[in-house]
Amino acid sequence: MEIVYPIDAQFSDQIAALLKPPPPQEVQKYFEELLATRQCDGLKVKPTSHYGKGVYAETDFKEEQLVLKDQMLAGAQHSSNKVDCLVCSYCFCFVGSIELQIGRKLYLEQLGVSPHDECRMQKDCYNSDASVDEDDSDVEDQQASGECSSSPSKDKIPLPKDVVESLFNGEMQLPYSEKFSLPPIVSCPGGCKENYYCSKSCAEADWESFHSLLCTGEGSKSLSTKALQKFIEHANDTNDIFLLAAKVISFTILRHKKLKESRHEGKGKQVTSESIDFSLLGEAWKPVSMGYKRRWWDCIALPADVDGSDEGSFRMQMKELALTSLQLLKEAIFDEECQPLFSLEIYGNIIGMFELNNLDLVVESPVEDYFLYIDDLPLSEKGEVEQTTKPILDALGDDYSICCQGTAFFPLQSCMNHSCRPNAKAFKREEDRDGQATIIALQPIAKGEEITISYIDEDLPFEERQALLADYGFRCGCSKCLEET
């Protein structure tokens with residue numbers, strides 16, 4: 001049975017207007033303004049004959065030269081990763097200290113907290129007697145410059161509880177940890193125990209852009225923190241891509257409020273009887289409108305364990321899952337003046353945008369750097385230091401160096417088209433320790449040449465590549481594919 005959602009019928013014209021691709025001149029103007037705020041060295045977004053738009057070089061690039069550092073429009077750390085990594089909820093750099101990163105992870109393991117207990121974990125952890133002293137002052141996996149260890153070790157040797165708590169509480173300082181200083185923790189302005197930051201500026205930026213509506217603390221601006229918690233739990237239990245969709249909707253609602261306030265400045269109280277102005281919603285939606293969209297349940301790849309004959313049933317299940325998520329979110333943050341955002345059609349397209357355009361969010365752990373530093377010490381120093389550090393490393397096991405992992409949408413990177421013979425790639429350098437997308441030239445790129453990346457493993461056979469790319473809605477006609485046809 002086809003799902004009919006009332007808002008979709010009530011606001012069909014407004015929904016169609018929001019989902020209509022912006023005109024080329026508007027796209028070009030938007031990205032010119034965006035490029036001016038990014039770290040890049042001569043790029044331009046232009047219409048293409050095949051894929052709508054693409055990114056082109058406005059200067060020559062050398063092999064391994066930085067092409068772009070792009071800030072995300074919206075991103076989220078995977079809920080299962082929060083057990084291993086404490087990072088800023090806005091820029092995703094690691095926070096606290098080496099001791100806290102290690103002590104927190106071991107403390108949670110001793111509590112028996114699994115990655116899937118993340119929501120409960122955050123509250124238990126920071127309300128416990130061993131709570132931290134807070135300071136209130138890829139496409140694929142190409143974002144990582146190395147592998148993130150993630151397999152639990154079978155040979156972990158637990159540390160005594162008092163040692164773990166001393167690390168967690170900051171009462172114990174590890175040798176040479178001062179060489180790997182991290183930003184102090186700044187709490188969420190709304191008082192929740194789920195988001196933490198590296199600075200007040202990151203806390204304020206997240207609050208103003210997303211989190212004020214998605215905070216479960218006492219200062220939340222959501223309609224119901226209880227409903228919001230149900231939404232978050234549903235996303236953590238099913239697919240955390242829904243959390244990204246919620247961020248986009250919150251971003252648009254908050255942007256709409258700012259635009260409205262700006263328009264009404266100096267007009268006094270006569271604006272209270274004004275009818276809803278949906279053109280303002282379109283302006284608030286503009287950054288999101290630039291992303292390529294298809295409905296999630298139409299574009300999500302069919303899992304390997306689902307038979308082709310069951311595809312229709314699978315896609316209907318995904319649609320029903322999205323509907324459940326949307327209804328929970330609506331109860332939590334509904335805004336009457338932004339009603340079209342709560343249509344199933346819009347929600348499905350937002351999730352689809354992440355499904356098709358997302359890049360892995362990867363930030364390497366400073367804990368790995370710390371232990372590598374200890375391992376490289378002169379033998380005269382190393383023996384004494386390892387009396388302290390080796391038991392800790394043994395307790396952490398093979399997964400001592402898990403990096404921050406999540407997913408995000410990057411406006412400029414998402415404009416880069418695919419090639420099975422790409423001239424650039426997403427790749428984190430040693431100095432890239434935040435959640436920005438970093439694009440590096442794989443080979444010399446000449447001025448005027450389109451910059452391409454690979455959405456898949458380009459070393460796969462031709463037919464396998466084409467099958468994977470079909471999920472993105474196109475058949476690849478790059479030079480490599482033409483040679484192999």
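Using a 4.0 Å cut-off between charged side-chain N and carboxylate O, Glu204 and Lys200 make no salt bridge. Between Lys82 and Glu194 there is no salt bridge, since no side-chain N of the basic residue sits under 4.0 Å from a carboxylate O of the acidic one. Between Lys428 and Glu364, none of the side-chain N atoms (NZ, or NE/NH1/NH2) sits under 4.0 Å from a carboxylate O, so this pair counts as no salt bridge. Salt bridge status for Glu233 with Lys230: absent, with no side-chain N to carboxylate O gap under 4.0 Å. Using a 4.0 Å cut-off between charged nitrogen and carboxylate oxygen, Glu109 and Lys156 count as a salt-bridge pair. Using a 4.0 Å cut-off between charged side-chain N and carboxylate O, Asp375 and Lys382 make a salt bridge.
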(Q) Please evaluate residues Asn423 and Glu449 with respect to the criterion side-chain hydrogen bond (donor to acceptor under 3.5 Å, both in side chains), reporting the C-alpha separation (whole Å), side-chain torsions for both, the decisive distance (0.1 Å), and the verdict. (A) CA-CA 10 Å; Asn423 56 20; Glu449 189 178 347; 3.2 Å; yes

Q: Walk me through it: do Tyr455 and Tyr472 pass the test ring-ring contact (aromatic ring centres under 6.0 Å, His included)?
A: CA-CA 9 Å; Tyr455 297 174; Tyr472 291 89; 5.1 Å; yes

Q: Report the C-alpha separation of Asn358 and Thr407 in whole Å, then their side-chain angles, then the decisive distance to 0.1 Å, and conclude whether the side-chain hydrogen bond (donor to acceptor under 3.5 Å, both in side chains) test is met.
A: CA-CA 6 Å; Asn358 73 300; Thr407 189; 2.6 Å; yes

Q: Tell me, with the steps shown, if Tyr197 and Asn195 meet side-chain hydrogen bond (donor to acceptor under 3.5 Å, both in side chains).
A: CA-CA 7 Å; Tyr197 302 93; Asn195 281 33; 3.2 Å; yes

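In this structure, Asp360 contributes its side chain and Val362 its backbone to no donor-acceptor pair below 3.5 Å. Judged by distance alone, the side chain of Gln77 and the main-chain N or O of Cys88 form no donor-acceptor pair under 3.5 Å.
One distance of note links OG of Ser325 with NE2 of His234; it measures 6.0 Å at 0.5 Å rounding. Here OH of Tyr30 is found 9.5 Å from NZ of Lys286. Values are rounded to the nearest 0.5 Å. Interatomic distance, Ile453 CD1 to Leu68 CG, rounded to the nearest 0.5 Å: 10.0 Å. Summarising the geometry, atom CG belonging to Asp432 is positioned 7.0 Å from atom CG belonging to Asp434; distances are rounded to the nearest 0.5 Å. One distance of note links CD of Glu33 with CG of Leu35; it measures 10.5 Å at 0.5 Å rounding. One finds the CZ atom of Arg104 at 12.0 Å from the OH atom of Tyr107 (value rounded to the nearest 0.5 Å).
Under the 6.0 Å distance and 45° angle rule, Lys179 does not count as a cation-pi partner of Tyr176. Lys330 forms no cation-pi arrangement with Phe342, by the criterion of a distance under 6.0 Å to the ring centre and an angle within 45° of the ring axis. Because its NZ or CZ atom is both nearer than 6.0 Å to the ring centre of Tyr56 and within 45° of the ring axis, Lys46 counts as a cation-pi partner of that residue.
Results of the side-chain contact (heavy atoms from CB on, under 4.5 Å) test with Lys105 over Leu167, Val83, Asp399, Val113 single out Asp399 as the only residue that passes.
Counting only N and O atoms by type, the side chains of Glu331 and Ser224 include no donor and acceptor under 3.5 Å apart. For the residue pair Gln436 / Asp70, no side-chain donor-acceptor distance below 3.5 Å is found, with atom types taken as modelled.
Two rings, from Phe251 and Trp285, have their centers 6.0 Å or more apart.
Ring planes of Tyr90 and Phe210: tilted class, angle from 30 to 60°.
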